[in-house]
Amino acid sequence: MSTVTAAQVFSASPIIPVMVIEHLEDAVPLAKALSDGGINVFEITLRTQAAIGAIEAVSKALPDSIVGAGTVINPEQYQQAVNAGAQFVISPGFSPALLEYSQKLNVPYIPGVATASEMVTALSYGLDFLKFFPAEANGGVPVLKAVSAALPQITFCPTGGVKEANLASYLALDCVGTVGGTWMIPQSAIDKKDWASITELSRKACELVASLRG
Ligand SMILES: O=C[C@H](O)COP(=O)(O)O
Ligand SMILES: CC(=O)C(=O)O
């Protein structure tokens with residue numbers, strides 16, 4: 001497993017799918033479907049029993065991808081995710097205890113922030129690649145524009161309510177390095193094991209980004 005930085009995670013893909021895996025057997029086909037469409041960075045959320053096994057299975061099956069853990073909220077989960085092969089860790093919020101684990105395990109921590117105070121706190125710990133979560137509910141693009149005027153050193157991954165219709169407005173911001181979301185992995189497609197349609201949505205998302213970024 002290679003070591004990556006948060007900056008490398010952001011620059012490796014302009015889109016990070018937020019994956020909620022209920023059934024372990026879906027993990028690898030889902031990741032392969034996304035990868036076939038052009039997405040090679042995955043956030044597998046620790047919201048289900050299958051998550052740790054899914055991180056392990058996807059890391060082994062797609063060794064050239066970057067697999068991270070999401071919804072990590074305590075050090076035990078940090079350790080489990082890293083043991084399973086997670087190369088980065090995302091959390092809905094900021095926690096100094098998680099940062100301590102990041103330093104101990106040398107695996108980057110990308111915390112969720114929503115307010116200027118949380119952003120300044122994260123910066124004070126040396127973290128400048130942050131998730132803006134939940135993005136749309138917290139004001140979306142206008143809020144990012146306003147905070148980045150004051151805090152231009154932060155690069156964000158807006159997540160929560162990002163979809164095809166507003167992707168362009170987020171990626172147009174200099175402060176946005178990548179975006180997270182579930183729009184390319186609808187639960188109905190996972191339930192039907194319709195991997196072809198997920199590949200198509202992944203491809204469409206990548207083509208849209210390519211047309212925006214040139
Ligand atoms: O918890 C959900 C994730 O933050 C992704 O949100 P989304 O389904 O609005 O893309
Ligand atoms: C929202 C998200 O990315 C997380 O649960 O970590």
Side-chain angles (χ1 to χ4, degrees), residues 6 9-10 12-22 27 30-31 34 37 39 41-52 54-55 58 66-82 84 86-99 101-102 107-115 118-119 122 127 129-141 143-144 154-171 176-191 197-198 201-202 204-206 208-209:
V9 172
F10 276 40
S13 175
I15 301 166
I16 301 181
V18 178
M19 297 157 69
V20 181
I21 310 278
E22 293 289 350
L30 175 56
L34 289 163
I39 295 176
V41 175
F42 310 114
E43 175 188 340
I44 298 178
T45 59
L46 268 59
R47 301 180 195 182
T48 62
Q49 290 291 326
I52 292 291
I55 290 170
V58 174
I66 300 179
V67 182
T71 323
V72 171
I73 57 170
N74 59 52
E76 292 72 26
Q77 289 179 327
Y78 214 114
Q79 183 75 64
Q80 284 174 346
V82 171
Q87 290 174 271
F88 65 95
V89 165
I90 290 187
S91 178
F94 175 74
S95 151
L98 294 180
L99 177 61
Y101 256 69
S102 164
V107 172
Y109 169 45
I110 300 167
V113 293
T115 66
E118 290 160 0
M119 293 168 200
L127 299 172
F129 286 84
L130 306 175
K131 171 164 248 178
F132 179 49
F133 177 77
E136 282 291 292
N138 278 299
V141 166
V143 168
L144 281 179
I154 299 177
T155 306
F156 291 99
C157 171
T159 303
V162 180
K163 41 187 173 294
E164 239 175 63
N166 58 16
L167 181 61
S169 58
Y170 279 103
L171 289 175
V176 170
T178 181
V179 302
T182 60
W183 81 91
M184 76 305 287
I185 41 174
Q187 190 58 46
S188 57
I190 298 176
D191 291 344
S197 80
I198 289 174
L201 287 166
S202 168
K204 222 171 138 195
C206 290
L208 180 58
V209 171

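Each ligand, and each atom within it, is numbered from 1 in the order the structure gives. Below, all heavy atoms of this structure are taken into account, side chains as well, without hydrogens, waters or symmetry copies.
Of all the atoms in ligand 2, the ones that sit under 4.0 Å from a non-hydrogen atom of Thr71 are 4 (C), 5 (O), 6 (O). Within ligand 2, counting atoms from 1 as listed, the ones closer than 4.0 Å to a heavy atom of Gly70 are 6 (O). In the vicinity of Glu43, heavy-atom distances shorter than 4.0 Å reach the ligand 2 atoms 2 (C), 3 (O), 4 (C), 6 (O).
Ligand 1 has Arg47 within reach: a non-hydrogen atom of the residue lies less than 4.0 Å from it. Gly180 does not count as a contact of ligand 2, since none of its heavy atoms falls under 4.0 Å from the ligand. At least one heavy atom of Ile90 sits less than 4.0 Å from an atom of ligand 2.
Note on ring orientation: taking the six-membered ring where Trp is involved, the planes of Phe129 and Phe10 are perpendicular (angle over 60°, cut-offs 30° and 60°).
Counting protein heavy atoms only, atom 3 (O) of ligand 2 is closest to Lys131 NZ, 2.3 Å. Closest protein heavy atom to atom 1 (C) of ligand 2: Phe133 CE1, 3.2 Å. If you check which protein heavy atom lies closest to atom 4 (O) of ligand 1, you get Phe133 CE1, 3.1 Å.
For the residue pair Glu136/Tyr170, the side-chain donor-acceptor check at 3.5 Å is satisfied.
Of all the listed residues (Thr182, Ile16, Ile90), Thr182 holds the heavy atom that lies closest to atom 10 (O) of ligand 1. Here the shortest heavy-atom distance to atom 9 (O) of ligand 1, taken over Pro92, Ala137, Gly181, Gly161, belongs to Gly161. Heavy-atom proximity to atom 6 (O) of ligand 1, evaluated over Pro186, Gly160, Ala135, Gly180, is greatest for Gly160.
Side-chain contact between Glu22 and Ile190: absent, with no pair of heavy atoms (C-beta onward) separated by less than 4.5 Å.
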Derivation and outcome, side chain to side chain contact (heavy atoms under 4.5 Å, CB included), residues Ser91 and Tyr78: CA-CA 10 Å; Ser91 178; Tyr78 214 114; over 6 Å; no
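Between the side chain of Thr159 and the backbone N or O of Phe133 there is no donor-acceptor pair closer than 3.5 Å.
Counting heavy atoms closer than 4.0 Å to ligand 2, residue Ser91 contributes backbone atoms (N, CA, C, O) but none from C-beta onward.
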